[in-house]
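This is the structure I want to talk about, given as structure tokens.
Order of the sequence lines sets the chain letters (A, B, ...), proteins ahead of strands, with each chain counted from 1. Note that the structure is predicted; figures quoted are calculated from it, not measured.
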Amino acid sequence: MLDPKELRNNCEALTARLRRRGFELDTAQYSELEARRRDLQVDTQTLQNERNRQSKTIGQAKARGEPIEGLLAEVAQLGEQLRVTSEVLETVQVELHRLQLEIPNVPHPSVPDGAAEADNIELSRWGMQPVFDFTPRDHVELGALNQEMDFEAGAKLSGARFVVLRGRLAQLHRALTQLMLDLHTRDHGYEEVHVPYLVNAQAMLGTGQLPKFEADLFRVVVENPLFLIPTAEVPVTNLVRERILEADTLPLRFVCHTPCFRSEAGSYGKDTRGMIRLHQFEKVELVQVARPDASYDALEELTGHAEKVLQLLELPYRVVALCTGDMGFAAAKTYDLEVWLPGQQRYREISSCSNCEAFQARRMQARWRNPESGRPEPVHTLNGSGLAIGRCLVAVLENYQEADGRVRVPAALQPYLGGRAYLDD
RNA sequence: GGAGAGGUGGCUGAGUGGACGAAAGCACCCGACUUGAAAUCGGGCGAGCCUACGGGCUCCGGGGGUUCGAAUCCCUCCCUCUCCGCCA
């Protein structure tokens with residue numbers, strides 16, 4: 001949510017900034033609603049004030065044992081008037097709030113302009129793409145060699161876009177998770193948290209999945225619905241919902257390993273092969289809650305923490321600045337990390353690191369006490385994958401493969417796999 | 001799942017229809033005393049919104065209702081605790 005005061009006072013400037021990401025705010029509609037809200041609110045509050053004063057008078061008269069019939073008659077039609085205006089006010093406020101919740105975040109000035117993925121800017125590359133003297137297989141072929149990556153079993157149990165991993169691949173998956181958690185907790189100063197995988201609608205509203213993107217979620221339970229988390233960002237960021245944090249506790253740094261569930265509505269026909277786009281995958285997520293004046297440094301830091309995983313695994317990758325049109329709803333600025341996949345001969349997203357500034361904080365009323373103003377003000381929230389585990393497994397398989405289909409174990413991972421040099425040793 | 005007790009400010013906790021956004025204590029901040037600290041004394045100290053910047057409105061778990069007036073009464077949902085049952 002954008003700052004309603006800004007929206008009221010600087011509507012034109014905000015609209016121009018939103019246009020950069022392809023969002024057209026209906027300013028006429030918004031300002032009209034806003035004006036009606038203000039008038040109705042003033043009217044309602046005036047009536048409430050009147051009612052409160054008269055009620056007080058009645059109470060005092062009663063206490064003195066004086067008759068109150070006359071006073072009651074005076075108040076008689078006040079209640080009805082108040083009921084009518086406050087009802088109208090309520091509907092206007094609901095409508096206004098609905099509009100506010102559907103406006104995406106404003107891009108940071110440093111975000112490159114663009115309409116889609118093709119307009120993203122590559123910032124840097126790390127590592128050497130491996131050279132093979134054979135045609136590299138993709139992860140699906142590699143996984144099939146030992147029958148340890150089983151999409152048919154996934155389909156039998158659950159449907160398309162599910163996978164079963166067995167044996168060495170299941171272990172590799174676990175080892176990657178462990179490596180990431182150890183790195184972020186030991187070297188990067190994150191507190192590990194374990195959180196629910198089912199959350200209520202309010203949590204989803206806080207981080208921005210609701211109300212606009214319900215189609216992307218799996219919903220369970222009909223009355224008091226719960227939703228399967230699409231990312232740990234949701235429960236972890238919501239840890240600070242409706243809290244006022246003291247300045248000296250910031251930044252908060254959380255790392256969290258969870259499964260992620262995405263309905264992938266609208267992605268039919270995209271990445272249907274392999275483990276790139278599944279309904280269920282696992283991720284180690286980094287979340288920071290920062291002072292506003294420190295959040296962009298925190299974004300660089302957090303992105304660096306995610307990069308470190310790829311560096312440890314010696315996987316070639318590049319850093320991309322998402323353009324305005326490719327960023328997520330809640331993000332003010334996003335860096336994607338894209339890992340090189342020899343099987344596809346291209347870079348694929350493996351991490352997305354965003355500064356949401358105060359966008360989520362305002363929705364969830366996450367604040368800090370600013371010592372300079374002495375007042376509670378919204379914090380800035382950041383999140384990033386550190387990393388997506390399934391895609392990381394894909395990257396290890398494809399980058400570390402040999403001609404006979406065997407897969408070497410990256411040195412950093414060997415301690416987690418019994419010191420094996422090859423996956424199938 | 002069954003029975004009971006509860007949900008009030010950062011924390012503890014009083015308040016069962018009228019001057020209550022809310023006693024008291026703790027914590028915290030400012031000041032006095034002190035060489036300094038502690039103790040003591042005095043004062044301050046919730047959040048959100050609107051504003052003609054004088055003020056005003058809302059919030060006592062969420063929602064709804066009764067009433068001129070609700071923290072207080074009624075309905076409903078959620079959550080917590082105790083006991084019983086079941087269970088990893």
Check your understanding: Atom CZ of A:Arg241 to atom P of B:C79: distance rounded to whole Å?
Key -> 13 Å
Exercise for review: State whether the side chain of A:Asp39 and the backbone N or O of A:Arg36 hold a donor-acceptor pair below 3.5 Å, judged by distance alone.
Suggested key: no
Check your understanding: For A:Asp43 and A:Thr85, does a side-chain donor sit closer than 3.5 Å to a side-chain acceptor?
Key -> no
Check your understanding: Among the nucleotides B:A52, B:G18, B:U51, which one has an atom lying closest to any side-chain atom of A:Ser55?
Key -> B:G18
Practice item. In whole angstrom, give me the gap between the C1' atoms of B:G43 and B:C33. Key: 15 Å
Review point. Is it the case that A:Asp216 and A:Ser263 place a side-chain donor and acceptor less than 3.5 Å from each other?
Key: no
Check your understanding: Side chains of A:Glu233 and A:Gln360: do they bring a donor and an acceptor to under 3.5 Å?
Key -> yes
Exercise for review: Remember a base hit wins even if backbone is also touched, and classify A:Pro4 as base, sugar-phosphate or nothing at under 4.0 Å, heavy atoms.
Suggested key: nothing
Point to revise | Short side-chain donor-acceptor distance under 3.5 Å, A:Gln344 and A:Glu398 | key: no
Review point. Checking side-chain hydrogen bond (donor to acceptor under 3.5 Å, both in side chains) against A:Asp425, which of A:Arg420, A:Arg406, A:Arg168, A:Arg408 comes through?
Key: A:Arg406
Point to revise | Check: A:Tyr296 ring centroid to A:His108 ring centroid under 6.0 Å | key: yes
Review point. In whole angstrom, what separates A:Arg375's CZ from B:C45's P?
Key: 12 Å
Which atom pairs link the protein and nucleotides 57-62 of chain B when you take only N or O atoms and keep those under 3.5 Å?
| residue | atom | partner | partner atom | Å |
| --- | --- | --- | --- | --- |
| B:C57 | OP1 | A:Asn49 | OD1 | 3.0 |
| B:C57 | OP1 | A:Asn52 | ND2 | 3.4 |
| B:C57 | O3' | A:Gln48 | OE1 | 3.2 |
| B:C57 | O2' | A:Gln48 | OE1 | 2.8 |
| B:U58 | OP1 | A:Arg51 | NH2 | 3.1 |
| B:U58 | OP2 | A:Asn52 | ND2 | 3.4 |

Check your understanding: ring-ring contact (aromatic ring centres under 6.0 Å, His included): which pairs involve residues 349-373 of chain A, sequence neighbours left out?
Key -> A:Phe329-A:Phe359
Review point. Do you see a donor-acceptor pair shorter than 3.5 Å between the side chains of A:Tyr416 and A:Gln171?
Key: no
**Study point:** Nearest-nucleotide 5' precedence on RNA chain B, A:Lys5 against A:Gln60
**Key:** A:Gln60
Exercise for review: Sticking with atom C1', work out how far B:G69 lies from B:U58, rounded to a whole angstrom.
Suggested key: 16 Å
Review point. At under 4.0 Å, does any side-chain N or O of A:Arg37 touch on OP1 or OP2 of B:C49?
Key: no
Check your understanding: What is the distance from CD1 of A:Ile58 to P of B:G69, rounded to the nearest Å?
Key -> 8 Å
Review point. Rounded to the Å, how far apart are A:Leu89 CG and B:C49 P?
Key: 15 Å
Review point. Rounded to whole angstrom units, what separation is found between the CG atom of A:Leu71 and the P atom of B:U67?
Key: 19 Å
Practice item. Please state how far atom CG in A:Leu47 lies from atom P in B:C50, giving the value in whole angstrom units. Key: 19 Å
**Study point:** Of the listed nucleotides B:C50, B:C68, B:A47, the one nearest the side chain of A:Arg8
**Key:** B:C50
Practice item. Answer yes when A:Glu264 and A:Arg277 have at least one side-chain N-carboxylate O distance shorter than 4.0 Å, and no when they do not. Key: yes
Check your understanding: Roughly, in whole Å, what's the span from CG in A:Asp248 to C1' in B:A27?
Key -> 15 Å
Practice item. Provide, to the nearest angstrom, the distance between the NZ atom belonging to A:Lys62 and the P atom belonging to B:G18. Key: 9 Å
Which protein N or O atoms sit under 3.5 Å from an N or O of nucleotides 6-10 of chain B?
none

Exercise for review: Classify the nucleic acid contact of A:Glu246 as base, sugar-phosphate or nothing, counting any heavy atom under 4.0 Å across all strands shown.
Suggested key: nothing
Check your understanding: Mind checking the P distance from B:U8 to B:C60? Whole angstroms is fine.
Key -> 12 Å
